[in-house]
Colleague: 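Starting off with a structure, shown below.
These figures come from a predicted structure and were not determined experimentally. One is the number of the first residue; the rest follow in order along the sequence.
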Amino acid sequence: MDKDHLIELISTSLLYESKDSESTKNLCDFKNYLKRLNLDQLRTMSKEFIL
């Protein structure tokens, strides 16, 4: 999996879409955090949260 795909998987598995503006801000912040991680870190995180 590429980095963008892992970011989407992790973020959608941990946070659900909401029309609440605070939830949307949290999702954006979380995705920005994930983008700073390297691919190995994302793979490890996906194994921990998705399984």
Colleague: Please give me the minimum heavy-atom distance between Leu27 and Ser11, naming the atom from each residue.
Modeller: CD1-CB, 4.0 Å
Colleague: Hey, could you give me the OH/CE distance between Tyr33 and Met45, rounded to the nearest 0.5 Å?
Modeller: 4.5 Å
Colleague: Measure the spacing between NE2 of His5 and CG of Leu42 and express it to the nearest 0.5 Å.
Modeller: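 Rounded to the nearest 0.5 Å, the NE2-CG separation comes out at 12.5 Å.
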Colleague: Check side chain to side chain donor-acceptor pair (under 3.5 Å) between Asp29 and all other residues, then give those that pass, not counting sequence neighbours.
Modeller: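 With neighbours one apart ignored, the set is Lys25.
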Colleague: Measure the CG-NZ distance between Asp4 and Lys35 for me, rounded to the nearest 0.5 Å.
Modeller: 7.5 Å
Colleague: Test of understanding: with side chain to side chain donor-acceptor pair (under 3.5 Å), list the residues that count as partners of Lys31, not counting sequence neighbours.
Modeller: Glu8
Colleague: Can you list everything that forms a side chain to side chain contact (heavy atoms under 4.5 Å, CB included) with Leu39? Sequence neighbours excluded, please.
Modeller: Lys3, Leu6, Arg43
Colleague: Hey, could you give me the CG/OG1 distance between Asn38 and Thr44, rounded to the nearest 0.5 Å?
Modeller: 8.5 Å
